[in-house]
Amino acid sequence: MKKKGFRMEKDMTKGKPLPVILKFVLPLIIGNIFQQLYNMADTIIVGRFVGADALAAVGSTGTIMFLVVGFAQGITAGFSVLTAQRFGAKDEEGVKVSVANGILLSLIFTVAISALSMISMHGLLKLMNTPDNIFQDAYTYIMIISAGIIATIFYNLFSSYLRAVGNSRTPLVFLVFSAVLNVILDLVFIINFKMGVAGAASATILSQGISAILCLVYIYTKMPALAPNRHHWKLHSKESRHQLAMGIPMALQFAITASGTMVMQSAINLFGSTAVAAFTAANKVQNLVTQGMIAMGQTMATYSGQNFGKGDIPRIRQGVKAALQACIVYSIGAAILVCLLLKPALGLFFTGDVDMSAMLPWAKTYVYLSVIFYIPLSTIFVFRNTMQGCGYGFLPMMGGVSELIARLVVAMISMALTSYPLACFCDPAAWFTAAVFTGVSYIFVMKDIRKKYETA
């Protein structure tokens with residue numbers, strides 16, 4: 001049912017695409033950077049106050065965290081696609097039904113993800129060649145993250161709903177609050193309470209949980225168009241099929257990509273805790289400067305979802321062209337920045353008794369190989385999220401499969417040859433392969449959509 005006067009937080013179906021996209025993406029970039037900063041807070045505080053081995057332990061779980069948290073992010077982002085499309089169509093009743101249905105589905109997936117991840121963690125760490133001297137700390141850290149996955153799922157779900165209606169600023173406010181709280185809790189738990197890596201994990205979960213509650217309160221008090229009423233609180237078969245059809249492929253895409261990074265981490269782990277610690281620190285710095293690419297992907301999911309809901313397909317293509325132009329400029333700037341920041345940033349992760357001259361070559365190898373491929377990396381997010389916003393989940397998921405295959409092949413060769421540079425090349429190989437695949441897939445999807453609209 002459509003209602004007159006249905007007000008959108010940010011209508012992305014009007015105005016010149018580039019200014020509309022840039023205005024939306026900037027708060028997301030800031031928010032994503034803050035998210036990385038409070039992830040970095042764990043590693044910096046652990047590295048400086050617990051030790052390099054503890055840092056390596058946290059770092060060795062990074063790809064597993066990407067698997068668990070990425071699956072949660074994918075499923076919740078998929079659930080919000082329907083919300084964005086119904087906002088674009090100005091269907092207020094449909095929006096509320098989609099929000100309630102997504103929350104109920106998320107509760108089910110929370111139980112399943114948490115239980116499955118906790119059962120499998122010990123075996124996963126063994127499979128990934130986690131060094132014996134850091135194994136127990138790694139296991140402790142990742143088990144706490146897995147037990148508290150409900151906080152991660154519902155923070156991402158509520159943030160996705162807000163972004164679906166064009167509100168990218170409110171999630172930023174709560175994320176900044178969460179980042180500051182996380183750092184404070186890190187310092188209290190690790191320095192005052194001497195909790196080690198367990199304190200870092202507990203701080204992350206607690207800060208995300210509080211942010212999730214704040215997002216929910218905001219939705220009910222400030223955004224009634226998003227807030228379900230009593231009669232909406234049941235699982236609807238139509239909505240469930242649509243949300244699962246988007247959420248599961250998006251979650252699997254994250255999981256498949258994460259599986260590839262786990263293979264890469266397994267290859268890195270063979271070179272000892274010094275290499276793992278240096279790689280972890282370098283990877284954190286790189287993740288920080290590439291957040292604009294991820295933010296652009298989040299923007300294009302909302303942009304394409306709203307315009308697809310309205311039926312304005314030419315505008316989607318115009319937006320993709322504008323986003324690609326912005327990504328090229330951003331990628332060049334990010335490559336220069338990460339090279340300049342690498343050496344001083346590494347010093348943040350370790351105390352003075354750590355030999356930085358031993359750490360730096362490992363870190364440089366990874367970063368210098370990666371920056372060459374930032375432009376292909378940035379295009380993945382634009383093409384993949386645009387397709388997902390239009391309701392196409394299978395091809396973006398297969399893009400994740402292409403990444404997995406590329407990482408697996410390069411990692412196997414690197415382990416056979418005991419080559420650290422080849423292990424580091426897993427990421428660039430995956431990015432280039434996925435960029436080609438998603439680019440071709442996007443062309444196919446746009447032709448398919450145009451054909452459907454022409455025959456409708």
Side-chain angles (χ1 to χ4, degrees), residues 39-40 42-69 117-146 190 195-201 204 258-287 346 348-351 353-367 369 407-408 410-427:
N39 288 337
M40 286 177 67
D42 283 346
T43 51
I44 290 173
I45 294 171
V46 166
R48 295 187 69 85
F49 294 100
V50 186
D53 281 352
L55 171 62
V58 173
S60 69
T61 67
T63 52
I64 302 179
M65 277 189 67
F66 183 39
L67 173 63
V68 177
V69 176
S117 60
M118 293 181 73
I119 290 170
S120 60
M121 279 309 155
H122 192 278
L124 271 176
L125 289 172
K126 286 289 186 184
L127 188 65
M128 291 177 61
N129 304 314
T130 306
D132 291 338
N133 62 315
I134 63 174
F135 187 92
Q136 188 54 50
D137 275 348
Y139 182 71
T140 298
Y141 184 85
I142 197 62
M143 284 294 284
I144 294 173
I145 295 294
S146 299
I190 293 174
M195 291 174 64
V197 295
T204 297
S259 299
T261 59
M262 287 169 65
V263 173
M264 176 182 177
Q265 185 70 54
S266 300
I268 298 292
N269 287 349
L270 292 176
F271 296 91
S273 57
T274 298
V276 174
F279 171 81
T280 298
N283 188 252
K284 292 290 184 182
V285 176
Q286 177 167 272
N287 285 344
L346 284 181
L348 296 174
F349 291 87
F350 307 101
T351 54
D353 59 346
V354 174
D355 184 5
M356 293 301 298
S357 63
M359 293 280 184
L360 196 56
W362 299 102
K364 280 184 174 180
T365 300
Y366 173 65
V367 167
L369 282 171
R407 281 195 177 92
L408 182 61
V410 177
M412 292 297 103
I413 296 173
S414 74
M415 286 189 276
L417 299 177
T418 320
S419 169
Y420 179 75
L422 263 180
C424 293
F425 192 69
C426 287
D427 271 349

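Please read all numbers here as calculations on a predicted model, not as lab measurements. For the numbers below, each heavy atom of this structure counts, side chains included, while hydrogens, waters and symmetry mates do not. Positions are given from 1, in the same order as the sequence printed here.
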Query - Heavy-atom donor-acceptor pair, S146 side chain to M118 backbone, under 3.5 Å - result: no
Query - Interatomic spacing from CD1 in I142 to OG in S117 - rounded to 0.5 Å - result: 8.0 Å
Query raised in the report: If we only count heavy atoms from C-beta on, is the I190 to R48 side-chain gap below 4.5 Å?
Result: no
Requested in this report: Identify, with sequence neighbours excluded, every residue that meets side chain to side chain donor-acceptor pair (under 3.5 Å) alongside N287.
Outcome: N283
Query raised in the report: Do you know the tightest heavy-atom contact between A138 and T61?
Result: O-CG2, 3.4 Å
Query raised in the report: Taking all non-hydrogen atoms of both residues, which atom of V46 and which atom of A200 are closest, and how far apart?
Result: CG2-CB, 3.8 Å
Query raised in the report: Which value, rounded to the nearest 0.5 Å, describes the distance between F271 atom CZ and N129 atom CG?
Result: 11.0 Å
Query raised in the report: Got a second to check how far I413's CD1 is from L408's CG, nearest 0.5 Å?
Result: 10.0 Å
Which donor-acceptor pairs under 3.5 Å do side chains of residues 416-427 form with protein atoms, sequence neighbours excluded?
from : atom 1 : to   : atom 2 : distance (Å)
S419 : OG     : L422 : N      : 3.3
Y420 : OH     : W362 : O      : 2.9
D427 : OD1    : R407 : NE     : 3.0
D427 : OD1    : R407 : NH2    : 2.8
D427 : OD2    : Y366 : OH     : 2.6

Query - Check: H122 and F135 side chains under 4.5 Å, non-hydrogen atoms - result: yes
Query raised in the report: Is the shortest heavy-atom distance from the side chain of V58 to the side chain of T280 under 4.5 Å?
Result: no
Query raised in the report: Any side-chain heavy atom of D137 sitting closer than 4.5 Å to one from D53?
Result: no
Query raised in the report: To the nearest 0.5 Å, what is the distance between CZ (F279) and NZ (K284)?
Result: 10.5 Å
Report summary line: Correct closest heavy-atom pair for L346 and A281 would be CD2-CB, 3.4 Å
Report summary line: Here the gap from T204 atom OG1 to I144 atom CD1, rounded to the nearest 0.5 Å, amounts to 10.0 Å
N/O donor to acceptor pairs below 3.5 angstrom from side-chain atoms of residues 262-269, sequence neighbours left out:
from : atom 1 : to   : atom 2 : distance (Å)
Q265 : NE2    : N269 : OD1    : 2.9
S266 : OG     : M262 : O      : 2.9
N269 : ND2    : M128 : O      : 2.7
N269 : ND2    : Q265 : O      : 3.4

